[in-house]
Amino acid sequence: MTDLLSDRKSERDSERDHDGGRTDPPRVAAAHSTARAAALAAGVTVDSLDSVGQLEDVRRLYERVWRTGEHSPPVTADLLRAMATAGSYVSGAFDGDQLVGSCFGFFYPPERQALHSHIAGVLPQARRRNIGFALKLHQRAWAMARGVHEICWTYDPLIRRNAYFNIAKLAAEPAAYLPDFYGPIDDGINRSDDSDRILVRWRLDSHEVESACAGAPRLIDAEAARADGATVALHASATGAPLVTPVGSGARTVLVAVPEDIEALREKDPACAALWRKAVRDVLGGLLDHGARVRGFDRAGWYVVDLEAPTPARAAARQARRDDSHRYETLPGDTPQETA
């Protein structure tokens with residue numbers, strides 16, 4: 001244990017001394033540079049965490065973000081302590097001395113060279129400052145310095161800001177739709193809704209991700225796609241309920257809407273929120289299950305989805321993606337990443 005703690009201290013020291021002359025491969029050095037720039041723009045500092053006091057602060061922060069109460073926290077400080085000691089990723093964003101955001105994740109098997117980012121959250125009063133962006137860029141640089149090429153996580157496909165953040169601002173790629181992935185989640189955000197999630201892959205050294213981290217998000221215009229012939233598969237009625245439109249056999253691109261504020265809808269009209277959950281599961285989940293690819297997410301609330309023509313080769317690739325998605329699973333009952 002002493003040797004392991006000594007190794008962790010060496011890691012922390014090397015991170016703090018990064019500007020002091022440590023030589024990294026060019027892409028890793030560039031990742032550190034963009035991470036520092038993002039933190040500066042957000043007005044925070046982002047550091048790796050491992051002390052008991054810091055991790056207790058993370059636990060309390062997550063309780064406030066997810067409104068769970070102290071008896072049902074998304075994660076405990078002792079688990080975070082064990083993960084940090086074992087070399088997993090735990091970080092915090094600080095505005096002065098105040099912890100305003102945090103993110104943690106753990107590694108897949110070594111051959112995957114991947115990290116699963118399990119929870120990331122920012123205090124409500126600190127949102128709209130791009131602190132979540134700064135946390136993710138710190139995580140990317142940290143992972144690349146350790147030979148990791150991919151970070152994966154899940155998010156609720158009904159939450160617009162998370163879909164835009166993950167797909168547009170970070171250029172992550174939706175890989176699978178996972179119905180009721182975590183089972184019941186007892187918090188003030190998910191309430192009684194099923195915990196459907198989209199699994200995304202963030203390919204850390206891809207050109208799109210590098211551009212997004214440098215401030216050029218992957219933007220898409222749903223209206224332009226519609227003008228080019230995209231079919232609307234799901235949209236909101238005049239009353240706000242979901243309306244499903246059959247997609248013809250000749251369709252190549254379809255648009256899938258999500259409600260403006262699903263969290264408010266869960267409080268105001270849980271029955272309507274449940275209808276949206278089922279509609280998005282049936283439409284978007286069905287499309288992804290049959291090999292479609294999400295090209296992007298329009299901030300106005302539209303997934304832009306490209307269909308694949310059915311061929312034996314694509315059917316085999318689709319099954320391979322399905323099989324691969326099972327390797328990403330975490331324990332039922334845990335809280336997913338929901339970066340605000």
Side-chain angles (χ1 to χ4, degrees), residues 150-179 181 196-213 216-236 242-259 276-326 328:
E150 182 178 87
I151 300 176
C152 303
W153 64 88
T154 63
Y155 78 94
D156 186 340
L158 290 177
I159 300 179
R160 281 191 188 186
R161 67 178 184 274
N162 285 3
Y164 178 82
F165 179 80
N166 293 321
I167 299 172
K169 198 167 180 68
L170 294 178
E173 302 170 12
Y177 191 100
L178 308 171
F181 184 54
D196 289 25
R197 296 294 180 262
I198 282 182
L199 174 78
V200 296
R201 293 177 175 176
W202 202 26
R203 304 183 192 277
L204 304 184
D205 53 4
S206 74
H207 175 70
E208 279 194 324
V209 170
E210 286 182 347
S211 296
C213 292
R218 183 173 59 189
L219 302 178
I220 198 161
D221 187 335
E223 285 301 321
R226 186 183 299 189
D228 287 340
T231 300
V232 176
L234 174 62
H235 67 285
L243 283 178
V244 177
T245 304
V247 176
S249 59
R252 288 294 173 262
T253 300
V254 299
L255 305 178
V256 180
V258 293
W276 272 105
R277 174 66 80 201
K278 183 179 186 308
V280 171
R281 177 189 296 171
D282 292 345
V283 177
L284 183 59
L287 290 169
L288 290 177
D289 194 49
H290 284 83
R293 181 183 71 88
V294 175
R295 193 199 314 169
F297 186 84
D298 188 320
R299 201 165 199 165
W302 296 94
Y303 288 92
V304 180
V305 185
D306 292 328
L307 309 186
E308 289 183 343
T311 65
R314 284 174 175 165
R318 187 164 62 244
Q319 185 60 49
R321 283 198 298 270
R322 246 188 234 120
D323 294 342
D324 192 46
S325 72
H326 293 301
Y328 293 85

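These numbers come from a predicted model, not from an experiment. Just so you know, residue 1 is the first one in the sequence shown, and it goes up from there.
- The minimum heavy-atom distance between V247 and A233, with the atom names listed, is CG2-CB, 3.7 Å.
- Residues D289 and Y177 bring no donor and acceptor atom of their side chains to less than 3.5 Å of each other.
- The shortest non-hydrogen separation linking A257 to V280 is O-CG2, 4.0 Å.
- Within 6.0 Å of CZ in R281 there are more than 12 heavy atoms belonging to other residues, nucleotides or ligands.
- Between R218 and A171, the shortest heavy-atom contact is NH2-C, 3.7 Å.
- Once rounded to the nearest 0.5 Å, the distance linking OG1 of T245 with CG of L255 reads 10.5 Å.
- Side-chain atoms of R277 and L158, non-hydrogen and from C-beta on, do get closer than 4.5 Å to each other.
- Under the side-chain contact (heavy atoms from CB on, under 4.5 Å) criterion, R203 pairs with E150, E173, R201, S206, not counting sequence neighbours.
- To the nearest 0.5 Å, atoms NE2 (H235) and CG (L243) are separated by 4.5 Å.
- Nearest heavy-atom pair, P157 versus D196, reported as atom, atom and distance to 0.1 Å: CD-O, 3.5 Å.
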After noting the C-alpha distance and the side-chain angles of L199 and C152, does the key distance pass the side chain to side chain contact (heavy atoms under 4.5 Å, CB included) rule? CA-CA 7 Å; L199 174 78; C152 303; 4.3 Å; yes

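- Counting heavy atoms from C-beta on, the side chains of F181 and T154 come closer than 4.5 Å.
- Applying the side chain to side chain donor-acceptor pair (under 3.5 Å) rule to R160 yields no partners; only residues at least two apart in sequence or on another chain are considered.
- C213 contributes atom SG, which lies 11.5 Å from atom CD of E208 (distance to the nearest 0.5 angstrom).
- Residues L234 and W276 have side chains in contact (heavy-atom distance under 4.5 Å, counting atoms from C-beta outward).
- Looking at V232 and V254, their side chains never come closer than 4.5 Å, going by heavy atoms from C-beta outward.
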Any chance you could lay out the side chain to side chain contact (heavy atoms under 4.5 Å, CB included) test for I151 and L204, step after step, and finish with the verdict? CA-CA 7 Å; I151 300 176; L204 304 184; 3.8 Å; yes

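- A centroid separation of 6.0 Å or more is found between the aromatic rings of F297 and Y164.
- Side-chain contact between D156 and N162 is absent, with no heavy atoms from C-beta onward closer than 4.5 Å.
- Of the options W153, W202, Y155, a side chain to side chain donor-acceptor pair (under 3.5 Å) to N166 is made by W153 and by none of the others.
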Side-chain donor/acceptor pairs under 3.5 Å, residues 219-230, sequence neighbours excluded:
from: D221; atom 1: OD1; to: E223; atom 2: N; distance (Å): 2.9
from: D221; atom 1: OD1; to: A224; atom 2: N; distance (Å): 3.1

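- In plain terms, the two heavy atoms of D306 and T253 that are nearest each other are OD1-OG1, 2.9 Å.
- Counting heavy atoms from C-beta outward, L287 and V256 have side chains that approach closer than 4.5 Å.
- Taking 4.5 Å as the limit, some side-chain heavy atom of P174 sits within range of a side-chain heavy atom of I167.
- Considering all non-hydrogen atoms of both residues, A279 and P242 come closest at CB-CB, 3.8 Å.
- Side-chain atoms of Y303 and I198, non-hydrogen and from C-beta on, do get closer than 4.5 Å to each other.
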